[in-house]
Protein chains: 2
Amino acid sequence: MTEKVGPNRRMGPVGSEIWHSMLDSAEDILREEGHAALTSRRIADRLGVKQRLVYYYFHTMDDLIVAMFRRSLERDLARLEEVSKAEMPLRQLWEICFHSHDARLISEYMALANTLVDLRQEVISFIEKSRDIQIAAINKTADRQTTNPKLPASAIALMATSIGLSLNREEQLGVKSGHVEAFAVLNEFLSVLES
Amino acid sequence: MTEKVGPNRRMGPVGSEIWHSMLDSAEDILREEGHAALTSRRIADRLGVKQRLVYYYFHTMDDLIVAMFRRSLERDLARLEEVSKAEMPLRQLWEICFHSHDARLISEYMALANTLVDLRQEVISFIEKSRDIQIAAINKTADRQTTNPKLPASAIALMATSIGLSLNREEQLGVKSGHVEAFAVLNEFLSVLES
DNA sequence: GTCTATACACCGATAGAC
DNA sequence: GTCTATCGGTGTATAGAC
């Protein structure tokens with residue numbers, strides 16, 4: 001599993017225990033201290049190892065960031081797919097969308113994606129895949145919709161996700177205006193689709 | 001207008017021409033190259049002056065960032081207030097929300113606000129003020145709403161802004177799923193409120 | 001697998017001259 | 001108002017030993 005990179009640079013195995021530990025630490029740093037603190041030295045410090053070791057497991061810091069995002073992306077998609085097998089999955093999907101994501105982490109990834117091309121590709125891929133899962137779930141309940149005219153499933157998926165993101169973000173910031181009201185609207189809509 | 005800071009540090013006038021030029025450059029850098037490139041040296045380079053001068057006009061880089069955000073915040077709020085004087089301002093408000101903001105710049109500010117306390121305060125203030133303006137505008141058209149039950153203005157404001165943000169961001173990323181459909185839904189809703 | 005040691009670039013911030 | 005000069009710190013990434 002070891003791999004060569006530079007002229008004299010060996011690489012460690014992908015997916016090993018310490019490989020995961022490093023991504024765990026990186027994620028904690030990104031969430032707790034932000035992108036400016038996400039450095040190879042601080043990751044190593046958290047684990048009690050030397051900085052050099054980070055570069056044994058990841059070619060560059062950019063690669064580490066992409067690997068970190070892709071790992072959580074795969075976990076999230078697996079969860080969405082699992083939940084959407086249920087008879088009436090919309091409420092659970094909404095719970096995942098709203099509760100299981102850290103708004104701060106998301107905003108850090110979004111900013112990083114502006115300059116990191118490979119990460120941007122992963123972000124796009126995640127949005128498209130999760131939307132497809134949501135659309136399929138919403139379509140299961142299409143005949144229960146009472147709005148006139150009926151709303152396309154893709155529009156519902158996009159709008160619900162958008163609102164979830166903002167509610168999440170604003171709650172973390174401490175903004176409250178409109179939140180109770182928006183929750184009520186969404187709850188009513190969900191009740192119509194899933195008794 | 002000059003002001004003292006450290007023991008031997010003079011400060012330049014706030015609001016002068018070069019003060020604005022520096023914020024303009026900073027904004028360009030943030031939009032085009034991201035937060036990692038937003039340094040005093042690069043700002044100076046863009047203007048053809050020396051790095052030291054940036055610290056003549058701003059105490060710290062954090063102060064510069066806050067000043068930069070506050071300046072655009074004030075411009076935006078003034079525009080929102082101006083537009084909302086119209087008889088039927090909702091379409092114009094929506095246009096501003098959707099078209100006049102650079103999604104990339106917003107995401108950089110959001111990430112910076114995670115770690116920069118003063119910036120976070122400005123962001124919160126902006127969200128609350130702009131929401132209040134929107135709510136007032138929506139309330140003007142309350143009697144035209146046909147949904148049952150009627151949606152609270154604060155919920156409409158939050159939801160519309162959220163969807164606008166996401167549409168904007170996703171269009172810039174290149175994601176298309178659900179966009180045409182969501183636009184149609186919003187357009188229909190706007191048509192009901194403003195013939 | 002983990003380490004020491006190191007090259008080299010860049011950053012924030014300041015003192016003080018012109 | 002703008003400059004030269006500089007300090008101390010931190011970052012990425014590599015070579016090569018144990």
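The chains referred to below are lettered A, B, ... by the order of the sequence lines, with proteins before strands, and numbering in each begins at 1.
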Would you call A/L80 and A/C97 a side-chain contact if the rule is heavy atoms closer than 4.5 Å? no
Less than 4.0 Å between a side-chain N and a carboxylate O, is that true for [Y] and [X]?
X      : Y      : value
A/R91  : A/E194 : no
A/R71  : A/D24  : yes
A/K129 : A/D132 : no

[X] [atom1] to [N] [atom2]: how many Å, rounded?
X     : N      : atom1 : atom2 : value
A/M61 : D/dT14 : CE    : C1'   : 16 Å
A/R41 : D/dT14 : CZ    : P     : 14 Å
A/D63 : D/dT14 : CG    : P     : 11 Å
B/L53 : D/dT4  : CG    : C1'   : 13 Å
A/K50 : D/dT14 : NZ    : C1'   : 17 Å

Please list, in 5' to 3' order, the outermost nucleotides of DNA chain C lying under 4.0 Å from any heavy atom of chain B. C/dC11 to C/dA17
Go nucleotide by nucleotide along DNA chain C from the 5' end; which of B/R52 and A/I18 gets its closest nucleotide reached first? A/I18
If you assign each of B/Q51 and B/R10 to its closest nucleotide in DNA chain D, which residue comes earlier from the 5' end? B/R10
Base, sugar-phosphate or nothing for A/F58? Non-hydrogen atoms, less than 4.0 Å. nothing
Look at the side-chain N and O atoms of A/R42 and state whether any lies under 4.0 Å from the OP1 or OP2 oxygen of D/dG11. yes
Is the ring pair B/F126/B/H101 parallel, tilted or perpendicular, if the boundaries are 30 and 60 degrees? perpendicular
Could you state the interatomic distance from CZ (A/R131) to OG (B/S177), rounded to the nearest 0.5 Å? 5.0 Å
